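Note that ligands are numbered from 1 as they come in the structure, with each ligand's atoms numbered from 1 the same way. What you see below is based on every heavy atom in this structure, not just the backbone, and it leaves out hydrogens, waters and symmetry mates. Every value quoted in this text rests on a predicted model; they were computed, and no experiment measured them.
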Amino acid sequence: MATSLLSSSLCIHKEGKSNVSLKETSFLGTSLSNHLKSEFTPTIPKNKAQCNQRKISASIVSGQTMSTTPTITHATTPGKKTLRTGSVIITGASSGLGLASAKALAETGKWHVIMACRDFLKAERAAKSAGIAKENYTIMHLDLSSLESVKQFVDNFRRSGRPLDALVCNAAVYQPTAKEPTFTADGFELSVGTNHLGHFLLSRLLLDDLKQSDYPSKRLIIVGSITGNTNTLAGNVPPKAGLGDLRGFSGGLNGLNSSAMIDGGKFDGAKAYKDSKVCNMLTMQEFHRRFHEDTGITFASLYPGCIATTGLFREHIPLFRILFPPFQKYITKGFVSEEESGKRLAQVVSDPSLTKSGVYWSWNKDSASFENQLSQEASDVEKARKMWEISERLVGLA
Ligand code: LMG
Ligand code: NDP
Ligand code: PMR
């Protein structure tokens, strides 16, 4: 039974329509220049004065929060229109998928990466040991488990004078062994508070900055996961994701006068994480419905594959950490290296052929991307709307 379930879940990947192969989508290669010819009108000079002006105030804070001075560089091809360096914020870029995608994007030479991290020193060491060139990244402090920190990050970013062309909501915590809930600075259960509510406020605030960007393809990417989707085998491993009627969420997830769980049930750290991923995927779609048409911004989510070696499993029992990578490699075959997952996320950020909005991307075994199907709950329009409205209230936007 296990085998048949396994292969049926893998079939979803095989059967998925493969839109692009890696070969076809080499970052910003010929296909991008073609794309640019038709779509891109350079508007750098318009922003430059504004940028310079902002740079002055940015220098006041840069000593503390930034490792490089903001500069806007241009990639020039003689005789062709030029595309300025893109500016992308990646949350949780100090390890795992975030670091790998920061490296992949920086290495194209077409992106400056703002690594939005809670631990400045760790991020600096990580960037150095990954070999990311100094001029290609800036580290800025962001602790997603504090709404005040999110607001400060947005202020600091604006002061830096950089445009915002892409935002990647990647950071996450996972507490599979926690017996009792812990809470964010604002009193929300930590996993949903950090993975969803912190990112919700961040992306709502930065939407204005994305709107102002003159980049040809502006994107807001939120990392989702297979384990939040109950239409897959992985999503059926207990405890399963389920938001119920959102009664705990509506009550503020504070564990005092309301449950710490979205569905109002008993605390379960693994479920809270999976629920937070459902919120991430619902948020992406609600953004798409509310803002895509008017702004042209691409909103997308993805399941990058099972990156069984990352820090995400740091709180799991040691035996799990030993067995999980070989289990995923040899049994489920869902394993993907950090490097490969980084390339996948980088593709969703910058590949000219992945501009479709409202999509949940996955990759098949040949590492070709395809548009995957979300579970019924993760694509529930009414639930997305309700979840959005409660989130607005909890983060103080409504
Ligand atoms: C929970 O336990 C913990 O309680 C929780 O605290 C948290 O840690 C959480 O997700 C994290 O895990 C999960 C536990 C329960 O799973 C295990 O880790 C136990 C392992 C049991 C080993 C079973 C043998 C499998 C083969 C072994 C290979 C050896 C390698 C070791 C691997 C270690 C790492 C995993 O899990 C269970 O209850 C086990 C049963 C899981 C099967 C679930 C399948 C349900 C299928 C339902 C049908 C759905 C159909 C979907 C079809 C979709 C198609 C469209
Ligand atoms: P890691 O633990 O390696 O990376 C998570 C990052 O989030 C770290 O940089 C961590 O910072 C950061 N972070 C955690 N809490 C906060 C906070 N309060 N404020 C700011 N940053 C924070 O895990 P992964 O790379 O595996 O996870 C990245 C994303 O990929 C997550 O969204 C996860 O849900 C998703 N994902 C992962 C899969 C996997 O198999 N690993 C599968 C599917 C999705 P620090 O370095 O300081 O701890
Ligand atoms: Mg899962 C095709 C099968 C498949 C895939 C792709 C994953 C991904 N897992 C699969 C199957 C199974 N897992 C099976 C059959 C089991 C029971 C033995 C199993 C168990 C399991 C555990 C205990 N798996 C896990 C855990 C975790 O603690 C991880 C988790 O749920 O984190 C929330 C996890 C994961 N399995 C995955 C992926 C991608 C994860 C982790 C990360 C995530 O969703 O972010």
For [X], which part has a heavy atom under 4.0 Å from ligand 3: side chain, backbone, both, or neither?
X	answer
Gln328	side chain
Lys277	neither
Leu312	side chain

Item to check | Option among Thr85, Asp165, Thr138, Asn136 that satisfies the side-chain hydrogen bond (donor to acceptor under 3.5 Å, both in side chains) test with His112 | outcome: Thr138
Could you list the atoms of ligand 3 found under 4.0 angstrom from a heavy atom of [X]?
X	value
Phe320	22 (C), 23 (C), 26 (C), 27 (C), 28 (O)
Phe327	12 (C), 13 (N), 14 (C), 15 (C), 16 (C), 18 (C), 19 (C)
Thr227	31 (O), 35 (C), 36 (N), 37 (C), 38 (C), 40 (C), 43 (C), 44 (O)
Cys306	37 (C), 38 (C), 39 (C)
His316	28 (O)
Thr332	2 (C), 3 (C), 4 (C), 10 (C), 11 (C)

Next on the checklist: Looking at non-hydrogen atoms alone, which of Thr310, Val237, Leu323 comes nearest to atom 13 (N) of ligand 3?
Outcome noted: Val237
Item to check | Options Gly224, Ala272, Ala234, ranked by nearest heavy atom to atom 4 (C) of ligand 3, top entry | outcome: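 Nearest heavy atom to atom 4 (C) of ligand 3 lies in Ala234.
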Go through the side-chain N and O atoms of [X] and [Y] and say whether any donor and acceptor fall under 3.5 Å apart.
X	Y	value
Trp363	Glu340	no
Arg344	Ser367	yes
Glu338	Thr309	yes
Ser191	Glu189	yes
Asn195	Ser276	yes
Ser375	Asn231	no
Gln285	Ser379	no

Item to check | Among Ser203, Ser301, Cys279, the one residue meeting side chain to side chain contact (heavy atoms under 4.5 Å, CB included) with Met284 | outcome: Ser301
Item to check | Contact (N/O only, under 3.5 Å) between Tyr273 and ligand 3 | outcome: yes
Checklist entry - Would one find an N or O of Tyr174, backbone or side chain, under 3.5 Å from an N or O of ligand 3? => result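 Between Tyr174 and ligand 3, an N or O pair is found under 3.5 Å apart.
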Checklist entry - Relative to each other, are the rings of Phe200 and His196 parallel, tilted or perpendicular (30° and 60° limits)? => result tilted
Checklist entry - Should the ring pair Phe291 and Phe299 be called parallel, tilted or perpendicular, given that the plane angle runs from 0 to 90° and is split at 30 and 60? => result tilted
Next on the checklist: Holding to side chain to side chain contact (heavy atoms under 4.5 Å, CB included), I want the full list of residues that pass it with Arg393, two or more places apart in sequence or in another chain.
Outcome noted: Ser250, Ile390
Between ligand 2 and the protein, tabulate every N or O atom pair separated by less than 3.5 Å, reporting distance only.
unit_1: ligand 2; atom_1: 2 (O); unit_2: Leu312; atom_2: N; d: 3.0
unit_1: ligand 2; atom_1: 2 (O); unit_2: Arg314; atom_2: NH2; d: 3.0
unit_1: ligand 2; atom_1: 3 (O); unit_2: Ser95; atom_2: OG; d: 2.7
unit_1: ligand 2; atom_1: 3 (O); unit_2: Gly311; atom_2: N; d: 3.3
unit_1: ligand 2; atom_1: 4 (O); unit_2: Ser95; atom_2: OG; d: 3.2
unit_1: ligand 2; atom_1: 7 (O); unit_2: Ala172; atom_2: N; d: 3.3
unit_1: ligand 2; atom_1: 9 (O); unit_2: Gly92; atom_2: O; d: 3.1
unit_1: ligand 2; atom_1: 9 (O); unit_2: Ser94; atom_2: OG; d: 2.8
unit_1: ligand 2; atom_1: 11 (O); unit_2: Ser94; atom_2: OG; d: 3.4
unit_1: ligand 2; atom_1: 11 (O); unit_2: Arg118; atom_2: NE; d: 3.4
unit_1: ligand 2; atom_1: 15 (N); unit_2: Arg118; atom_2: NH1; d: 3.4
unit_1: ligand 2; atom_1: 18 (N); unit_2: Asp143; atom_2: OD1; d: 2.9
unit_1: ligand 2; atom_1: 19 (N); unit_2: Leu144; atom_2: N; d: 2.9
unit_1: ligand 2; atom_1: 25 (O); unit_2: Leu97; atom_2: N; d: 2.8
unit_1: ligand 2; atom_1: 26 (O); unit_2: Thr310; atom_2: OG1; d: 2.6
unit_1: ligand 2; atom_1: 32 (O); unit_2: Asn170; atom_2: O; d: 2.6
unit_1: ligand 2; atom_1: 32 (O); unit_2: Lys277; atom_2: NZ; d: 2.8
unit_1: ligand 2; atom_1: 34 (O); unit_2: Tyr273; atom_2: OH; d: 2.5
unit_1: ligand 2; atom_1: 34 (O); unit_2: Lys277; atom_2: NZ; d: 2.9
unit_1: ligand 2; atom_1: 40 (O); unit_2: Ile307; atom_2: N; d: 2.8
unit_1: ligand 2; atom_1: 41 (N); unit_2: Ile307; atom_2: O; d: 3.1
unit_1: ligand 2; atom_1: 41 (N); unit_2: Thr310; atom_2: OG1; d: 3.4
unit_1: ligand 2; atom_1: 46 (O); unit_2: Ser94; atom_2: OG; d: 2.6
unit_1: ligand 2; atom_1: 46 (O); unit_2: Lys122; atom_2: NZ; d: 2.7
unit_1: ligand 2; atom_1: 47 (O); unit_2: Arg118; atom_2: NE; d: 3.0
unit_1: ligand 2; atom_1: 48 (O); unit_2: Arg118; atom_2: NH2; d: 2.7
unit_1: ligand 2; atom_1: 48 (O); unit_2: Arg314; atom_2: NH1; d: 2.9
unit_1: ligand 2; atom_1: 48 (O); unit_2: Arg314; atom_2: NH2; d: 3.1

